[in-house]
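These values consider heavy atoms only, across backbone and side chains, with no hydrogens, waters or symmetry-generated copies. Not measured: the values here are computed from a predicted model. Chain naming here is simple, since letters A, B, ... match the order of the sequence lines and numbering starts at 1 in each.
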Amino acid sequence: MSVRTRFAPSPTGFLHIGGARTALYNWLYAKKSGGIFVLRVEDTDAARHNEEGLGKILEGLRWLGLTWDEGPDAGGDFGPYYQSERGEIYDRHLARLRESGHVYDDDGAVRFRVPDRDITVHDVICGEVTVNLHEQGSTRWDADLKENVPANPDLVIRRPDGSYIFHFCNVVDDLEMGISHVIRGEDHLSNTPKHLALFEALGAKPPVYAHIPLNLNQNGSKMSKRDQGALIHEYMENGFLPEAVNNYMALLGWSSKDDQEIFTMAELAERFDLDGVNKANSKFDYEKCLWVNGEHLKRLDPADLLERAKPFFAKVGIDADDARLPKAVELTRERAQRLSDMPTLVMSAFSDQITYDPEAVAKVTAKEGLGAVLNALHGALSGVADWTEDGIKHAIHAAAEGLGQKVGAFMLPCRVATMGGTTGPDLMPMLAMMGRDRVLKRLNAFSSTVAG
RNA sequence: GACCCGUUCGUCUAGCGGUCUAGGACUCCGCCCUUUCACGGCGGAAACACGGGUUCGAGUCCCGUACGGGUCGCCA
């Protein structure tokens, strides 16, 4: 059987991390099996037909590299790929159900007769789940009354206005599109018996179901758009690499069973398997996501990294053609976790503005002889003929020797005076990039500040 | 409330009856490396929800309880 998976978003807004992960798992499973990944837009509800929202979702998927073999813009033999355009197909299947006596009219709506017996879902991840839909549906929880009230267990599949309900469309589409594996969030597990009943009534073999656990926020509740890291657009804007975001999403709920944590997309597509999917919900951890991104950053080819970093320099006003950029990227690649961290880390070399970290200043001023150190630095650096990393290095060494001190004692004051804090990229290359004037000016300014 | 799913370090997870004095990763702490900052290396802290069974033996199987999540629409 050839594998066909699908991601079926409702085009309501941004691409959410939960949806993106579902898309990823479907994509990976299709790739791994040499199958087809289908994108279908679930816009049955007129209010959900939202071009702008759809655009954001497609943009997010494309950024992640989760491109679809069939769907909007890609075409395919099983279209249309918008539910809003599939009315005739639904009509046709409804007619079949009507013929076989599986449905009846109810106040203008059409209801599907739910069988009064156990239905068992054979889920690849959750195991067997058995439910009697008739029993279960004959009462309904009334949230206002806070009690169960009698209900009609039969499923409405078409509204009086002729529009169809999600469950029906979902089943008909999966059937018509030849979907072999439905990989979706566990929030659909309870709906699956309904879908199975529908497949059976249509005389069709259902797809394989795999319900993946949900991603929760740090508080243990469902992630909402407000939670950090919830929207894919956040990653796009904040300097994450798409392959790193995919890597992290893959790890949230799936394990390769060995100790590998960092995967390329190709490795994921090869290694991913439904067997490795965990049953339990997981909590999103932004810190680990950052770490994964940093690891991918380190592994990137320098030229590629430079290209990807450019927009983030441009964002803070540093020209993408600035000759210092390759050096800036090289200096920050190991300590940046996001592309957007890179300009921040070297900003003191690109701007006249500098902000001093009070704690760092306090730390260096606490030591005796700071004035002498700063003077020696200024004297030595102003005499450097060749303002390069090496030239600067020699000057600082000489200055330290002149005072009978170790170079190490000179580094921290120099760093704080010129960069504003105790941490950052390598000092010598930073000074080289900063330019002599800026360095000397800062040494002077810092001297008078701490002296005063 | 009913039904469904789940429960190993703070977090992500390995573990599929003995090899578990429970392994890896993130985070945190310490040490080493180092002209600074990082990187890297080494080490440390940190978990089988609870109670009953089954078994010679249970993190691993069964049943309860607790807790968490999900579903109960003419939303998707």
Side-chain angles (χ1 to χ4, degrees), chain A residues 8-12 42-45 47-48 83 106-111 121 123 125-127 129-133 135-143 145-149 151 153 155-161 163-167 169-170 185-194 211 213-214 216 218 220-222 248 251-262 276 278-292 294-295 298 331-336 345 393 396-397 400 406-416 419 421-428 430:
Chain A
S10 174
T12 42
E42 305 223 323
D43 57 354
T44 50
D45 190 353
R48 287 180 193 263
Q83 286 187 334
D106 177 22
D107 213 7
V110 177
R111 279 188 190 267
V121 181
D123 190 275
I125 295 164
C126 303
V129 179
T130 301
V131 173
N132 181 319
L133 289 174
E135 266 174 30
Q136 204 188 83
S138 56
T139 62
R140 196 187 79 237
W141 175 246
D142 187 311
L145 266 49
K146 292 219 175 3
E147 62 176 321
N148 286 322
V149 297
L155 215 61
V156 170
I157 58 174
R158 197 181 70 164
R159 303 183 186 87
D161 70 0
S163 62
Y164 290 92
I165 300 293
F166 161 75
H167 299 292
C169 300
N170 196 269
E186 201 203 83
D187 47 347
H188 285 296
L189 183 59
S190 298
N191 291 149
T192 308
K194 295 173 192 163
H211 287 91
L214 271 21
L216 311 175
Q218 291 294 335
S221 46
K222 219 174 164 182
Y248 180 68
L251 253 28
L252 263 188
W254 170 81
S255 160
S256 66
K257 310 275 184 186
D258 60 19
D259 294 340
Q260 188 172 345
E261 304 268 344
I262 303 301
N278 211 53
K279 296 184 204 322
N281 294 344
S282 51
K283 287 181 187 164
F284 182 85
D285 183 357
Y286 197 75
E287 288 295 322
K288 181 142 184 183
C289 185
L290 278 173
W291 175 78
V292 170
E295 291 300 306
K298 281 179 210 160
L331 283 177
T332 52
R333 72 176 293 141
E334 281 191 341
R335 63 203 87 213
L345 284 163
K393 184 175 158 183
I396 293 181
H397 275 259
K406 287 209 283 189
V407 185
F410 270 53
M411 298 297 271
L412 193 66
C414 186
R415 178 183 282 278
V416 174
M419 292 172 61
T422 56
T423 62
D426 268 349
L427 183 57
M428 310 295 185
M430 277 298 284

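Using a 4.0 Å heavy-atom criterion, one finds that A:Gly408 contacts the sugar-phosphate atoms exclusively. Base contact: A:His188 has a heavy atom under 4.0 Å from a base atom. Nucleic acid contact class of A:Thr422 (heavy atoms, under 4.0 Å, all strands): sugar-phosphate only. Contact annotation for A:Lys406: no contact, since no heavy-atom pair falls under 4.0 Å across all strands. Residue contacts shown for A:Met419 are absent, as no nucleic acid heavy atom lies under 4.0 Å away. Base contact: A:Leu427 has a heavy atom under 4.0 Å from a base atom.
Residues A:Arg158 and A:Ser163 come closest through the heavy atom pair CG-O, 3.2 Å.
Taking 4.0 angstrom as the limit, A:Arg140 places a side-chain polar atom (N or O) nearer than this to OP1 or OP2 of B:G73. Between A:Arg159 and the phosphate of B:G73, there is no side-chain N or O to OP1/OP2 separation shorter than 4.0 Å.
Considering only residues two or more places apart in sequence or on other chains, A:Gln136 meets the side-chain contact (heavy atoms from CB on, under 4.5 Å) condition with A:Val131. Shown here are the side-chain contact (heavy atoms from CB on, under 4.5 Å) partners of A:Ser221, two or more places apart in sequence or in another chain: A:Asn217, A:Asn219. Under the side chain to side chain donor-acceptor pair (under 3.5 Å) criterion, A:Thr192 pairs with A:Arg184, A:His211, sequence neighbours left out. For A:Ser255, there are no side-chain contact (heavy atoms from CB on, under 4.5 Å) partners, not counting sequence neighbours. Considering only residues two or more places apart in sequence or on other chains, A:Asp107 meets the salt bridge (Lys or Arg N to Asp or Glu O under 4.0 Å) condition with none of them. For A:Glu334, the salt bridge (Lys or Arg N to Asp or Glu O under 4.0 Å) criterion is met by no residue, not counting sequence neighbours. The side-chain contact (heavy atoms from CB on, under 4.5 Å) test applied to A:Ala336 returns A:Leu297, A:Asp341, A:Met342, A:Leu345, not counting sequence neighbours.
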Give each protein N/O atom lying under 3.5 Å from an N/O atom of nucleotides 41-50 of chain B, with the pair distance.
none

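Rounded to an integer number of Å, the gap from A:Lys393 NZ to B:U35 P is 9 Å.
For A:Tyr286 and A:Tyr248, the distance between ring centers is not under 6.0 angstrom.
A donor-acceptor contact under 3.5 Å is formed by the side chain of A:Asp426 with the base of B:U36.
For A:Asp107, the listed nucleotide lying nearest its side chain is B:C74; candidates were B:A76, B:C74, B:C26. Among the nucleotides B:U71, B:A76, B:G40, the one closest to the side chain of A:Lys298 is B:G40. Comparing B:A14, B:C74, B:U35 by their nearest atom to the side chain of A:Arg111 picks out B:C74. With B:A14, B:C26, B:C75 as the candidates, the nucleotide lying closest to the side chain of A:Ser255 is B:A14.
The aromatic ring of A:Trp141 sits over the base of B:G1, with ring centres less than 5.5 Å apart and planes tilted by under 30°.
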| request: Take nucleotides 2-12 of chain B nucleotide by nucleotide from the 5' end and write B, S or -, depending on whether a protein heavy atom sits under 4.0 Å from the base, only from the sugar-phosphate, or from neither. | output: SSSSSS---BB
| message | Show, in sequence, the C-alpha distance, side-chain angles and deciding distance for A:Met428 and A:Ile396, and conclude whether the side chain to side chain contact (heavy atoms under 4.5 Å, CB included) test is met. | response | CA-CA 9 Å; A:Met428 310 295 185; A:Ile396 293 181; 3.9 Å; yes
